[in-house]
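Lettering of chains follows the sequences in order, A, B, ..., and the numbering in each one begins at 1.
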There are 2 protein chains.
Amino acid sequence: MIANAMKADTRANHDLTRNQALVFGVLEGSEAPLSAYSILDQLREDGLRAPLQVYRALEKLVDFGLVHRLESLNAFVACNHPSGPEAGESHGTVAFAICEKCDNVAEFADPDFVERLRGWAKAEGFEPHSTIIELRGLCEGCCVA
Amino acid sequence: MIANAMKADTRANHDLTRNQALVFGVLEGSEAPLSAYSILDQLREDGLRAPLQVYRALEKLVDFGLVHRLESLNAFVACNHPSGPEAGESHGTVAFAICEKCDNVAEFADPDFVERLRGWAKAEGFEPHSTIIELRGLCEGCCVA
DNA sequence: GACGTAATGTTATACAATAACATTATTGCG
DNA sequence: CGCAATAATGTTATTGTATAACATTACGTC
C-alpha cells in the first residue's frame, strides 16, 4: 500500500502526460524489459501508431528516473531498485543484472563501488556524465534449474 | 616494433581468415570506434558487399578477444587495453571510458573493482557470464578544452 | 576422394531509432 | 481574458542496426 501510494505519488510529481502514462503503465506491468516496438504493439488499441510516440515518452520517463534503458538489450524497464525511487540516489549510478533465461532484471546501487569507478575516472582525467553497468547471466532461480 | 610483432603474432595465433583480417585491419587503423556499416563502407573496394560479411567477422574477432563491442554505441573497437592482449586477462572484465566529444575510448581493468561486482553477484545468487561497463563523458583533453 | 565442418556470398527482411514538418495543448504573463 | 512561448502530439518517410534463410565454396581429416 505504502509502495503503491509512493508510486502514484511519483507519477503525480512528474505530472505524466497521457502518452507517458500509457508507456509507463505498460512497463510497470511487465516483468521483463520491453523494446520500444513491443510497447507500441501493446498500445495500438489506445491510439498510439508510430514508434516516435513511444520513443518520446520513453525519453522523458528516463529523464524523470522512472525508467531505465538497458543498452545491451535495446530495451527498457520501469525503475525498481531496492531503495525505491524516493531515495536520494534516484539518478545515481545503478547496475543491472539481467537473466538471459527468464529476462528478470535486478537493480542495485553500491556507493563504494561507484566511488571506485569515479576514483579511476578522476585519475585518468575523465569526466563521466553517465555510467552503464550491466551483468548478463543467470539469476538465482534459473541458475539452479 | 615489439608491439607490432606481438600484434602480428596475435593475429597469426588466431589464423584470421581473409574477411576477419580485413575487418580487424580497419579497426586497428581507426582511432574511434566504428559501426559495422562504416567498416563495410571501407571494405567495398576489397570485395565486401553485405553487412553480414562484416558481422560474421566481428563475431569471431570478439570471440578471439581481439575486438570489443561497445553496447552503448552499437560500435566496435580493436582491443587495446594497457596491459596488452597477451596478459592473462584478455577475456576478463574490462571497462571503457568513451569520450563523447573526440570519440576516444580508454580501456581499463581493475581487479578489485571486478571482485566487488562479482561479490555482489554471488550474494544475489546471480551467475554472470559477461559484464558490461561503459563510462560516457569527456576525456582529459576534451575536458579542459 | 568422400565426409564433416567452417567460412563465404547473396538476397531479403526484421528490428531500432530519428528527421522533418504540421498541429494541438498548456502554461505563464501583461 | 487574450496572446505568446513552450511543450506535447500526430504523421510520413527515412536512416541505421542486425539477422534469417539458403546456396556455394574452401578446408581438414580419415
Side-chain angles (χ1 to χ4, degrees), chain A residues 11-27 30 32-64 66-77 98 100 103 130 132 134 136, chain B residues 11-27 30 32-64 66-77 98 100 103 130 132 134 136:
Chain A
R11 279 191 296 263
N13 284 343
H14 288 291
D15 205 16
L16 298 188
T17 65
R18 173 181 150 82
N19 286 1
Q20 289 162 14
L22 285 170
V23 169
F24 188 57
V26 169
L27 283 174
S30 168
L34 297 175
S35 75
Y37 279 74
S38 69
I39 293 170
L40 175 58
D41 286 338
Q42 293 186 46
L43 291 173
R44 299 239 179 235
E45 55 187 19
D46 294 284
L48 295 215
R49 308 184 179 196
L52 208 51
Q53 296 175 289
V54 174
Y55 279 108
R56 286 200 277 230
L58 285 169
E59 186 182 5
K60 291 294 179 186
L61 293 169
V62 169
D63 279 353
F64 297 157
L66 295 174
V67 165
H68 297 292
R69 178 194 167 90
L70 301 175
E71 298 287 344
S72 67
L73 293 179
N74 294 325
F76 302 83
V77 284
I98 302 166
E100 298 190 318
D103 291 327
S130 76
I132 296 152
E134 299 179 15
R136 310 282 302 263
Chain B
R11 279 192 296 264
N13 284 344
H14 287 292
D15 205 16
L16 297 189
T17 65
R18 172 181 150 83
N19 287 0
Q20 289 161 14
L22 285 170
V23 169
F24 187 58
V26 170
L27 283 174
S30 170
L34 297 174
S35 74
Y37 279 73
S38 70
I39 293 171
L40 175 58
D41 286 338
Q42 293 187 46
L43 290 174
R44 299 235 179 240
E45 54 187 18
D46 294 284
L48 295 214
R49 309 186 177 192
L52 210 51
Q53 295 175 290
V54 174
Y55 280 109
R56 286 201 277 231
L58 285 170
E59 185 183 5
K60 291 296 179 184
L61 292 169
V62 169
D63 280 352
F64 297 157
L66 295 174
V67 166
H68 297 292
R69 179 193 168 89
L70 301 175
E71 298 288 345
S72 67
L73 293 179
N74 294 326
F76 302 83
V77 285
I98 303 167
E100 297 189 320
D103 290 328
S130 77
I132 296 151
E134 297 179 15
R136 309 282 302 263

*Does any non-hydrogen side-chain atom of Lys60(B) lie less than 4.5 Å from one of Thr17(B)?*
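Thr17(B) vs Lys60(B): side chains apart.
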*Drop me the distance from Ile98(B)'s CD1 to Leu73(B)'s CG, to the nearest 0.5 angstrom.*
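It comes to 4.5 Å.
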Atom-pair distance ([atom1] on [X]; [atom2] on [N]), nearest Å:
X: Leu40(A); N: dT18(C); atom1: CG; atom2: P; value: 15 Å
X: Leu61(A); N: dA8(D); atom1: CG; atom2: P; value: 11 Å
X: Glu59(A); N: dA7(D); atom1: CD; atom2: C1'; value: 12 Å
X: Leu16(A); N: dA7(D); atom1: CG; atom2: P; value: 17 Å
X: Leu73(A); N: dT17(D); atom1: CG; atom2: P; value: 18 Å
X: Asp15(A); N: dA7(D); atom1: CG; atom2: P; value: 14 Å
X: Tyr55(B); N: dA18(D); atom1: OH; atom2: P; value: 4 Å
X: Asn74(A); N: dG16(D); atom1: CG; atom2: P; value: 16 Å

Is a side-chain N or O of [X] found less than 3.5 angstrom from the main chain of [Y], in a donor-acceptor match?
X: Arg136(B); Y: Ser72(B); value: yes
X: Arg49(B); Y: Arg44(B); value: no
X: Glu134(A); Y: Glu71(A); value: yes

Are there any protein N/O atoms within less than 3.5 Å of an N/O atom in nucleotides 7-9 of chain C, and if so, which ones and at what distance?
| from | atom 1 | to | atom 2 | distance (Å) |
| --- | --- | --- | --- | --- |
| dA7(C) | OP2 | Lys60(B) | NZ | 3.3 |
| dT8(C) | OP1 | Thr17(B) | OG1 | 2.9 |
| dG9(C) | OP2 | Asn19(B) | ND2 | 2.9 |
| dG9(C) | OP2 | Gln53(B) | NE2 | 2.6 |
| dG9(C) | O5' | Gln53(B) | NE2 | 3.3 |
| dG9(C) | N7 | Arg56(B) | NH2 | 2.4 |
| dG9(C) | O6 | Arg56(B) | NH1 | 3.1 |
| dG9(C) | O6 | Arg56(B) | NH2 | 3.2 |

*Using the side chain to side chain contact (heavy atoms under 4.5 Å, CB included) rule, take Leu58(B) and Leu27(B) through it: C-alpha gap first, then chi angles, then the decisive distance, then the call.*
CA-CA 10 Å; Leu58(B) 285 170; Leu27(B) 283 174; 3.9 Å; yes
*Does Arg69(A) have a side-chain nitrogen or oxygen under 4.0 Å from the phosphate oxygens OP1 or OP2 of dA17(C)?*
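Checking dA17(C) against Arg69(A), a side-chain N or O does come within under 4.0 Å of OP1 or OP2.
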*Identify the heavy atoms of Ala75(A) and Ser35(A) that sit nearest to each other, and give their distance.*
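Answer, listing the atom of Ala75(A) first, then Ser35(A): CB-N, 4.1 Å.
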*asked:* Let's see if you can work this out: which of dT12(D), dA17(C), dT11(C) has an atom nearest to the side-chain heavy atoms of Ala50(B)?
replied: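 For the Ala50(B) side chain, the nearest candidate turns out to be dT11(C).
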*Between the base of dA14(C) and the side chain of Tyr37(A), is there a donor-acceptor distance below 3.5 Å?*
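Side chain to base: no pair present.
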